[in-house]
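Notes for the one structure printed next.
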Amino acid sequence: MGLWSTVAERVGYGLLLLVAVLILNFALISIAPGDIADTIAGDMGGADASVIEEIRTRYGLDQPFYVQLWRYLSRVVQFDLGYSYFYNTPVTTLILEKLPATLLLVFSAQILAVITGTLLGVLAAKKPNGAVSLTVTFLSLFGFAAPVFWTGILLIILFVSIFPLFPVAGMMDVTVEGGFFVKTLDVLHHLVLPMITLASIFLALYSRLARASMLEVLGADYVRTARAKGVPERGVLYKHALRNALGPVVTVAGLQFSAVISGAVVVEAVFSWPGLGTLALQSILARDTPTIMGILFFSSVVVIIFNILTDITLRFIDPRIKSG
Amino acid sequence: MAVATDPLLSVKDIVVDFKTRYGIARVLDHVTLDVNSGEILGIVGESGCGKSMTALSIMGLVPDPPGKVTSGSIKIGGMELVGMQLDSLRQIRGKDIGMIFQEPMTSLNPVFTVGEQIAESVRLHENASPKAAMDRAVEMLKAVDIPEAERRARAYPHQLSGGMRQRVMIAMALACRPKVLIADEPTTALDATVQAQIFDLLQDLQEETGTAIILITHDMGAIAELADAVAVMYAGRVVEKGTVDAVLSAPQHPYTKGLITCVPHLEPDPPVERHELMEIPGVVPALTELGKGCAFAPRCGEATEKCSVEEPQLLATGDKHLTACWVAQQERAQ
């Protein structure tokens with residue numbers, strides 16, 4: 001199969017999946033007791049039954065489930081995710097405003113975790129019983145076992161009171177003045193701690209996976225062939241072996257994207273990072289249903305896109321996948 | 001009689017030990033072999049007798065740990081390989097000594113094209129530009145009779161058949177025109193017609209390039225047809241060696257005799273009295289359990305008391321023919 005037909009197929013599946021996610025989200029929220037009419041009435045300081053009924057009629061909440069669902073779906077198709085009564089803003093505007101911050105955090109943490117994890121895994125695989133290997137195993141398991149908010153708080157304590165090198169809250173410093181370059185640097189400076197915190201959970205997974213995968217590949221016949229033709233040890237490790245060992249790491253990294261996004265919710269809260277996670281937390285507390293559903297919708301889109309990208313990457317890493 | 005010249009590759013008293021859970025296994029026990037330039041040396045023996053380990057120790061590829069070359073010397077063109085720095089050894093691997101492995105299906109890296117893999121060898125050893133290296137790769141693919149070499153150079157291993165992959169391996173091993181080619185059971189994983197093709201190819205290439213070949217196999221027929229000299233190995237030792245004519249027509253060691261009678265014969269008109277297919281009773285002993293005497297003694301029909309007490313040395317039992325067997329040596333002395 002050609003590259004483009006595979007992409008088209010994956011996008012098709014992705015869209016179907018998205019519809020399923022939307023229906024499921026909608027159904028779940030409908031089952032939950034209370035609706036927006038109760039919230040509005042509550043905000044008004046209480047209202048009698050007839051007013052609540054009127055609100056329900058106005059927002060179509062008196063219609064049967066499938067009619068509501070159909071209306072919701074046809075609005076989503078037009079990129080209309082509804083209106084947030086809590087923020088008094090259209091949900092799409094609200095989310096698009098917060099999405100870049102989350103994408104930046106999730107993306108950089110994921111890249112950091114995959115690259116460092118893989119490198120640590122390779123180092124550990126060189127001498128599977130050596131000191132480096134043990135250290136890598138210990139550190140990665142430590143990162144994996146520690147709750148993410150705890151790691152975050154520890155880092156905050158460390159960098160506030162002991163080494164004041166990095167800012168510990170927010171995404172930019174309003175007092176910083178300068179051009180685009182200076183502002184970008186400022187954002188990156190703020191990014192360091194949240195990124196490390198989020199990456200620390202996944203580092204363990206990728207380094208253990210890369211280590212196991214490398215150990216398997218290093219025993220393969222073609223690695224012996226490479227040595228027999230005089231390839232230097234570095235080339236054996238990073239060219240012949242690593243390229244083959246990357247497959248499982250990339251596959252799992254793709255699957256883990258949703259987990260990284262959920263991890264980001266906590267990390268954003270700890271570091272007051274102005275992203276979707278913070279928004280999600282606030283709208284859940286405020287029972288702001290359209291916003292919650294909008295966030296769920298956007299995160300599924302992101303996860304689906306990254307799964308497609310994973311499939312494409314795997315094809316470039318391993319040529320055998322094309323014919324499979 | 002030609003003037004005695006130094007052999008191209010000389011393996012002298014090589015000892016390889018493996019640490020195992022049950023103690024130290026002596027995988028190679030004072031193996032001595034010489035390969036002259038332009039010669040094909042066959043090494044035969046049962047599985048586990050140390051044939052492949054001999055090849056790996058020449059390449060410096062004995063898996064360490066658990067294995068280790070404990071003593072002995074391996075020289076190519078006068079250069080000592082045992083104890084050589086890895087960096088210098090790497091310049092010899094692939095350049096002076098090429099190697100083909102048993103499993104063509106798994107010996108090529110699945111994620112690089114075969115052209116890239118052959119070209120890599122050229123680039124490592126000859127300082128060639130990527131373009132020149134790739135040209136050489138295509139040229140080598142033509143030399144091993146791969147049709148449409150330009151197109152095949154861009155193919156990945158999984159797109160080729162087993163026979164094709166073994167040809168690619170041969171092309172890769174010969175790309176830098178090595179002095180010695182080690183072929184470790186190059187046809188074991190292939191079917192019969194392809195086996196014959198690969199043997200023919202090796203013979204043709206050998207005649208063209210003059211590369212010396214160490215052919216490791218348990219195919220006695222291939223040895224008879226291709227090799228000039230042969231060494232028979234048993235339990236990590238060379239038990240008999242000499243010219244192919246001498247060893248195959250007049251085997252001295254009971255183990256070699258057994259190996260030769262093990263080969264089934266195809267005869268269009270079976271004689272009235274059919275040959276019975278021979279087998280050697282017993283199995284190769286565990287290398288951790290070798291006693292003092294001849295390792296083959298427990299399976300040997302001709303063993304005497306001396307055989308299980310004292311280990312026989314490899315001594316001349318004929319013209320260009322050495323055998324490590326008390327019985328054969330005694331017969332020779334009489």
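Atom set for the values below is all heavy atoms of this structure, side chains included, hydrogens, waters and symmetry mates excluded. Residue numbering restarts at 1 for every chain, and letters A, B, ... go by the order of the sequence lines.
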(Q) Any carboxylate oxygen within less than 4.0 angstrom of a Lys/Arg side-chain nitrogen, looking at B:Lys51 and B:Glu185? (A) yes
Q. What part of B:Met105 gets closer than 4.5 Å to chain A, counting heavy atoms only: side chain, backbone, both or neither?
A. neither
Q. For B:Gln117, is it the side chain, the backbone, both, or neither that has a heavy atom closer than 4.5 Å to a heavy atom of chain A?
A. both
Q) So which part of A:Ala228 gets closer than 4.5 Å to some heavy atom of chain B, the side chain, the backbone, both or neither? A) both
Q: Heavy atoms only, distances under 4.5 angstrom: which of B:Ile92, B:Leu86, B:Ile100, B:Asn109 has the most pairs with chain A? Name it, please.
A: B:Asn109
Q: Could you pull out the closest heavy-atom pair between B:Thr211 and B:Lys179, with the gap in Å?
A: CG2-O, 3.5 Å
Q. Counting only heavy atoms not in A:Tyr238, do more than 12 sit closer than 6.0 Å to its OH atom?
A. yes
Q. Is it the backbone or the side chain of B:Leu56 that comes under 4.5 Å from a heavy atom of chain A, or both, or neither?
A. side chain
Q: Among the options B:Gln102, B:His125, B:Lys95, pick out the one with the most heavy-atom pairs lying under 4.5 Å from chain A.
A: B:His125
Q: Grab the two heavy atoms, one from A:Val267 and one from A:Pro194, that are nearest each other, plus how far apart they are.
A: CG1-O, 3.6 Å
**Q.** Partner of B:Val11 by side-chain contact (heavy atoms from CB on, under 4.5 Å), out of B:Leu28, B:Leu81, B:Ile76, B:Leu33
**A.** B:Leu33
Q | Top contributor to chain A interface from B:Met172, B:Met99, B:Glu120 [non-hydrogen pairs under 4.5 Å] | A | B:Glu120
Q: Using a cut-off of under 4.5 Å on heavy-atom pairs, state which of A:Asn244, A:Val223, A:Val217 scores highest against chain B.
A: A:Asn244
Q. In terms of heavy-atom pairs under 4.5 Å, which option from B:Gly60, B:Pro63, B:Pro110, B:Pro178 contacts chain A the most?
A. B:Pro110
Q) In terms of heavy-atom contacts, does CD of A:Glu216 have more than 12 from other residues, nucleotides or ligands at under 6.0 Å? A) no
Q.
Under 4.5 Å from any heavy atom of chain A, what part of B:Leu61 do you find: side chain, backbone, both or neither?
A. side chain
Q.
Under 4.0 Å between a side-chain nitrogen and a carboxylate oxygen: does that hold for B:Asp135 and B:Lys131?
A. yes
